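Below is one structure, written out as structure tokens; the observations come after it.
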Protein chains: 2
Amino acid sequence: MKLTTKGRYAVTAMLDLTLNDKAKPVSLADISARQDISLSYLEQLFSKLRKSNLVVSMRGPGGGYRLKGEAKDIVVADIIAAVDENIDVTRCAGRNACNSGKPCLSHDLWMDLSEQIRVFLADISLEDMKERAASVKHKCIDSDQVGQLIDGNLLNRKES
Amino acid sequence: MKLTTKGRYAVTAMLDLTLNDKAKPVSLADISARQDISLSYLEQLFSKLRKSNLVVSMRGPGGGYRLKGEAKDIVVADIIAAVDENIDVTRCAGRNACNSGKPCLSHDLWMDLSEQIRVFLADISLEDMKERAASVKHKCIDSDQVGQLIDGNLLNRKES
DNA sequence: CAATAACCTAGTATTTTAGTCAAGTATTAT
DNA sequence: ATAATACTTGACTAAAATACTAGGTTATTG
């Protein structure tokens, strides 16, 4: 399990899809505009998401993407795995470093840790994040709050 | 919190340090040989680990590195944070995409998720991994098994 | 002093990231 | 049917990160 900005783009886009899932499917152009991600990059990501059976596409005017199945059944781990396609170059797969036993050992431990993270992310669904979205909505800064924030928290933050 | 092979190298090296913490400090040359990581790359990583107060160094013959403090007090999250130094380019930090409220929303959610992962990794210490090491030790290859492996798996590996 | 090992700087090949561009194909409103 | 819309595919690319090399300097031990 790798955790990069690429995965973040994918999760963000999928979350956008979840939040805007109305009667019509959501076009990539819309997501591109809302999330400020380049359309072509989204196309690449959604190509992989579709091949991993996380979304379904609808062509033609009014077309776009829609979640395949329900938001509660799609988890963050699936989304990241779909776009990352890590070939898992475990350099310790029987070659040179596996003589003393220790390289193999730490390799095992890392794989174990990586698996724990995967399990952790496999427990967070888009539905969970959608619900969470409601509760953090007030966190967003609108122009009215900017003045207070400058006087308040933000300036005090950097001092630590 | 980013999760890349770079972080894995660092965790592996730190775990090597933990497992070989005897009377003498551990030289990077030793870690390089055991873990099959280039010496200069280790130097770069340990420079960061030292600056983050995770290890102490001793120069000269018989010198090397040693954990700063106890293995139970050094957690995986610290190690990854030390070598990753992500400048956190939150593109949504008040600039262009934060108008409709939604980009900010998904940004918050990702930060939240990222923080959850950090907390998760902040709970796994080198001591924990060391203890775990004992239980997975039997999985490793010792010199007695090499012959069988050469005749078996290894020769068949490269053909794909 | 000579060997050792940390420390530092700079460069570099490779891979990944995050796109662009172009030429398609499929769908549907009209 | 035809045009417009929207997804598909592939090739290509600039920039960054990764993993490593080379060549030194500095500190410490014997």
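All figures in this text were calculated on a predicted structure; none of them were measured in a lab. Chain identifiers are assigned alphabetically (A, B, ...) following the order of the sequence lines, protein sequences preceding nucleic acid strands; residue numbering begins at 1 within each chain. Values reported hereafter were calculated over all heavy atoms of this structure, with side chains retained and with hydrogens, waters and symmetry mates removed.
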Assign each of B/Leu39 and A/Arg50 the nucleotide of DNA chain D bearing its closest heavy atom; nearer the 5' end lies the nucleotide of A/Arg50

Of A/Ser40 and A/Gly64, the one whose closest DNA chain D nucleotide lies more 5' | A/Gly64

Taking C/dT17, D/dT21, D/dT28 as options, the one with an atom nearest any side-chain atom of B/Ser38 is D/dT21

Of the listed C/dC8, D/dT26, D/dT29, the closest approach to the B/Pro61 side chain comes from D/dT29

Interatomic distance where [atom1] belongs to [X] and [atom2] belongs to [N] [whole Å]:
{"X": "A/Gln35", "N": "C/dG19", "atom1": "CD", "atom2": "C1'", "value": "17 Å"}
{"X": "B/Ile37", "N": "D/dT18", "atom1": "CD1", "atom2": "P", "value": "15 Å"}
{"X": "B/Leu45", "N": "D/dA19", "atom1": "CG", "atom2": "P", "value": "9 Å"}
{"X": "A/Lys48", "N": "D/dT8", "atom1": "NZ", "atom2": "C1'", "value": "15 Å"}
{"X": "B/Ile31", "N": "C/dA5", "atom1": "CD1", "atom2": "P", "value": "13 Å"}
{"X": "A/Arg8", "N": "C/dT17", "atom1": "CZ", "atom2": "C1'", "value": "14 Å"}
{"X": "A/Met58", "N": "D/dA4", "atom1": "CE", "atom2": "P", "value": "24 Å"}
{"X": "B/Gln44", "N": "C/dG11", "atom1": "CD", "atom2": "P", "value": "14 Å"}

Check: B/Asp16 main-chain N/O paired with B/Asn20 side-chain donor or acceptor under 3.5 Å | yes

Side-chain H-bond candidate by donor/acceptor type, B/Ser125 with B/Asp128, under 3.5 Å = yes

Reckon B/Phe46 touches a base, only the sugar-phosphate, or nothing at all at heavy-atom distances under 4.0 Å?
-> nothing

More than 12 foreign heavy atoms under 6.0 Å from CG of B/Asp73: is that the case here?
-> yes

State whether [X] places a side-chain N or O below 4.0 Å from either non-bridging phosphate oxygen (OP1 or OP2) of [N].
{"X": "A/Tyr41", "N": "C/dG19", "value": "no"}
{"X": "A/Tyr9", "N": "C/dT17", "value": "no"}
{"X": "A/Ser57", "N": "D/dT8", "value": "yes"}
{"X": "B/Thr5", "N": "D/dA19", "value": "yes"}

Donor-acceptor pair under 3.5 Å: do we get one between B/Glu43's side chain and the base of C/dC7?
-> yes

In plain terms, say whether A/Arg118 and A/Glu115 are close enough for a salt bridge, that is, a side-chain N and a carboxylate O under 4.0 Å apart.
-> yes

Ionic contact status for B/Asp84 with B/Lys6, cut-off 4.0 Å = no

